[in-house]
Amino acid sequence: MKMTKREFDYIVVGSGSAGAIVATRLSEDPKVRVALLEFGGSDNSIFIRMPTALSIPMNMDKYNWGFESEPEPCVNNRRLDCPRGKVLGGSSSINGMAFVRGNAKDIDQWEEEGAAGWNYAACLPYYQKMESWMHGADDYRGGKGPIHVNAGNDMKLNPLYQAFIDAGVEAGYPHTKDYNGYQQEGFGQKHMNIAKGVRQSTAYSYLKSAKHRKNLSIIPHSLVDQVLFEGNKATGVRYTSAGHSFDIYAKAEVILSAGSIGSPAILQRSGVGPAKVLEAAGVPVRIDSPGVGENLQDHLEVYFQYQCTQKVSLNRELAWWNKAMIGARWILKRDGLGATNHFESCGFIRSRAGLRHPNIQYHFLPGAMRYDGRAAFDGDGYQVHVGPNKPHSRGRVAIRSANPKDAPSILFNYLQNEQDVIDWRDTIRLTREVLQQKALAPFRGDEIQPGMHIESDEAIDAWVRDNVESAYHPSCSVKLGADNDPMAVLNSNCQVRGAENLRVVDSSIFPTITNGNLNAPTMMVAERAADLIRGRALPAADVPVWEPADWQTKQRTQEGKAEVK
């Protein structure tokens, strides 16, 4: 029996933070047929929808690809986890829901490095298009988009949130009312993509309404092997499902949105990538593109942990009966401690003079625990997740074989660049200074981690190498750039150079990593790329952004060093 050729206009590979948006937007045109392929399955799980349960899906094989790096030479040859979402919504279904656009200068830097048209003025309208900000639209925020964003619970639920913000201001840094708007730099309330107590993943916010369209075919449990070509023209993809291999075809384009690990791996298995990598994996070279899989970046972080002298921390909520009550309340009312990620205050600062915008980020948690949800120690505590957000080190993703079931080799080369080591020394010292301010004195017990004895350059370097962890923000491995940049895989329309009808749209296309969590900028990229594919664009938004007048000579906005009491 002759098989019918399965043909669509567009094939989108990956239903994550980018792919779900691209497929939704393209299928708005009823004349266009779109196929969306996803290796995972449904996101309909209480562990995904309930914000406080974020550590559960991240630690489940069902929802997480479970990648890990090669032994990292500059962090004592440790292998670091690299979780990626394996479910509708991708990593937006398992992440921490921290909504951070990054700094306006991050996006301007993309254009400065060769990604023509990718600047803040051009991208701001797409940030606005995708969001519904709890306070409504203004010159910086959107009010009618699919992703609902709020500032979490009332911070009065825990006094530690405000104490952390006050400590940052006491240390000499500004207060910011909206770090996603006019002014990123400073300390303020954290934003999260949660609405009415439910995680706002791209599956929930975009696909939930789009999946019933007759012209959108969502194909779950599909492991994409490679892009199919005629010459250098992409014509479809080959994937496996339930032990069988299938080919589907695209009349217009194939769009890879499999993320910063998946997209370069698929390109390489398809014969698009560095010749040496492909030849070592036994893959015939179709297009020798040296930048595929290179330029990989990530954020690192550590936990500053303190004992809390008052009985106000989340550690007292970790008993099973308390968790059960929190879960029951969320099921019945969608509110309470189950309706937040608990990171409700934050900060963005510069580590040294001469930086035009922040390079250090703080997530404050009124409890002392790890991402797996376990307590860090007995009793009450609090912690700050912190790390430099503009690393200079670069790594790579490389397939080991042509088999899509073989995880690629991932090497981030963390801390390879000496400036990254210096930035970490500054980060540890500046963070301790903030945490020793008077505002936290009523709550501050002993510094458990790193410990006050970690002071010298040598001690800080050693402690960081032993304790640093990935913040789970891999990016930049299939970067946008200028025609004369041999490492730029994509042109400014997200098209693969040397190929026809093939694009990449996800966080892998970033030329450099942004200052903050990657979910928001990845969604923005998807919104803008969907318009590029459709041959249209929103008008640019010419608005001012805050920048300290003395950024070239001073680190803080106040004169001198803050007094520590």
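Worth knowing before you read on, the calculation uses all heavy atoms, side chains too, and leaves out hydrogens, waters and symmetry mates. All values reported here derive from a predicted model rather than from experimental measurement.
Using a 4.5 Å heavy-atom cutoff, the side chains of V13 and S257 are not in contact. Side-chain contact between V468 and W424 is present, with at least one heavy-atom pair separated by less than 4.5 Å. Counting only heavy atoms from C-beta outward, the side chains of C494 and L480 approach each other to under 4.5 Å. When side chains are defined from C-beta on, N295 does not count as touching V478, because their heavy atoms never get closer than 4.5 Å. In this structure, the side chains of F99 and M97 stay at 4.5 Å or more apart for every pair of heavy atoms. Using a 4.5 Å heavy-atom cutoff, the side chains of P511 and E112 are not in contact.
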Practice task
Go through the steps for L490 and K479 under the test side chain to side chain contact (heavy atoms under 4.5 Å, CB included), then give the verdict.
Solution key: CA-CA 6 Å; L490 309 176; K479 75 170 187 173; over 6 Å; no
Practice task
Kindly determine whether W546 and T176 satisfy side chain to side chain contact (heavy atoms under 4.5 Å, CB included), including the steps that lead there.
Solution key: CA-CA 10 Å; W546 187 84; T176 177; over 6 Å; no
Handout entry: side chain to side chain contact (heavy atoms under 4.5 Å, CB included) assessment of V464 paired with L415
Key = CA-CA 10 Å; V464 168; L415 304 182; 4.1 Å; yes
Handout entry: Candidate pair I509 and V525, rule side chain to side chain contact (heavy atoms under 4.5 Å, CB included), full reasoning
Key = CA-CA 9 Å; I509 79 171; V525 161; 3.4 Å; yes
Practice task
Just do the salt bridge (Lys or Arg N to Asp or Glu O under 4.0 Å) check on R350 and E185 with the steps written out, would you?
Solution key: CA-CA 8 Å; R350 289 172 291 127; E185 187 162 347; 3.0 Å; yes
Handout entry: Derivation of the salt bridge (Lys or Arg N to Asp or Glu O under 4.0 Å) call for D43 and R49
Key = CA-CA 8 Å; D43 66 319; R49 300 288 168 79; 3.2 Å; yes
Problem - Residue pair F348, Y362: steps toward the ring pair (Phe, Tyr, Trp, His ring centres under 6.0 Å) verdict - result: CA-CA 6 Å; F348 299 87; Y362 294 108; 8.7 Å; no
Exercise for the section: Check the pair E317 / K323 against salt bridge (Lys or Arg N to Asp or Glu O under 4.0 Å), numbers first and verdict last. Expected result: CA-CA 7 Å; E317 305 293 343; K323 289 183 176 180; over 6 Å; no
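Atoms CD and CG, from Q307 and D446 in turn, are 5.0 Å apart once rounded to the nearest 0.5 Å. In this structure, the separation between SG on C346 and CD on Q189 is 9.0 Å, given to the nearest 0.5 Å. Rounding to the nearest 0.5 Å gives a distance of 5.0 Å between CZ of F304 and CD of E447. Atoms CD and CD1, from Q419 and I422 in turn, are 4.5 Å apart once rounded to the nearest 0.5 Å. Of the inter-residue distances, the one linking Q109 atom CD with Y120 atom OH reads 15.5 Å to the nearest 0.5 angstrom. With rounding to the nearest 0.5 Å, the separation of CG in D461 from SG in C74 is 11.0 Å.
Closest approach of V277 and A398 over heavy atoms only: CG1-CB, 3.9 Å. S260 and V397 get closest at one heavy-atom pair: O-CG2, 3.8 Å. Among all heavy-atom pairs drawn from M452 and E455, the shortest one is O-CG, 3.2 Å. Counting all heavy atoms, side chain and backbone alike, R84 lies closest to Y472 at NH2-O, 2.9 Å. Scanning both residues, V496 and V272, for their nearest heavy atoms gives CG1-CG1, 4.2 Å. Considering all non-hydrogen atoms of both residues, I147 and N193 come closest at CG2-CB, 3.8 Å.
Formation of a donor-acceptor pair under 3.5 Å by the N103 side chain with backbone atoms of K105 is found in this model. The closest donor-acceptor contact from the side chain of R400 to the backbone of D406 lies at 3.5 Å or more, if one exists at all. For R528 (side chain) and Y127 (main-chain N/O), no donor-acceptor pair under 3.5 Å exists by modelled atom type. With hydrogens and angles ignored, the 3.5 Å screen pairs a side-chain donor or acceptor of R199 with a backbone N or O of I48. Remark: the backbone N or O of P388 is not paired with any side-chain donor or acceptor of N359 at under 3.5 angstrom. In this structure, the side chain of D288 engages the main chain of A275 through a donor-acceptor pair within 3.5 Å. Between the side chain of H363 and the backbone N or O of Q383, no donor-acceptor pair lies under 3.5 Å. Between the side chain of D298 and the backbone N or O of H473, at least one donor-acceptor pair lies under 3.5 Å. Side-chain N or O atoms of N119 include none that pairs as donor or acceptor with a backbone N or O of I107 at under 3.5 Å. A donor-acceptor pair under 3.5 Å is formed between the side chain of Q297 and the backbone N or O of P391.
A ring-centre distance under 6.0 Å is found for H191 and Y179.
Taking the six-membered ring where tryptophan is involved, the planes of F364 and Y161 are perpendicular, since the angle between them exceeds 60° and thus also 30°. Between Y173 and F187, the two ring planes are tilted [angle within 30° to 60°]. Using bins of under 30°, 30° to 60° and over 60° for the plane-to-plane angle, the ring pair F343/H385 lands in the perpendicular bin.
The pair R79-E70 meets the salt-bridge criterion, since a charged nitrogen lies less than 4.0 angstrom from a carboxylate oxygen. With respect to the salt-bridge test (charged N to carboxylate O, under 4.0 angstrom), the residues K438 and D166 do not qualify.
Enclosure of atom CG in D61 is not indicated, since only 12 or fewer non-hydrogen atoms of other residues, nucleotides or ligands lie within 6.0 angstrom.
Annotation: salt bridge (Lys or Arg N to Asp or Glu O under 4.0 Å) contacts involving residues 380-395, sequence neighbours excluded, comprise D106-K390, R316-D380.
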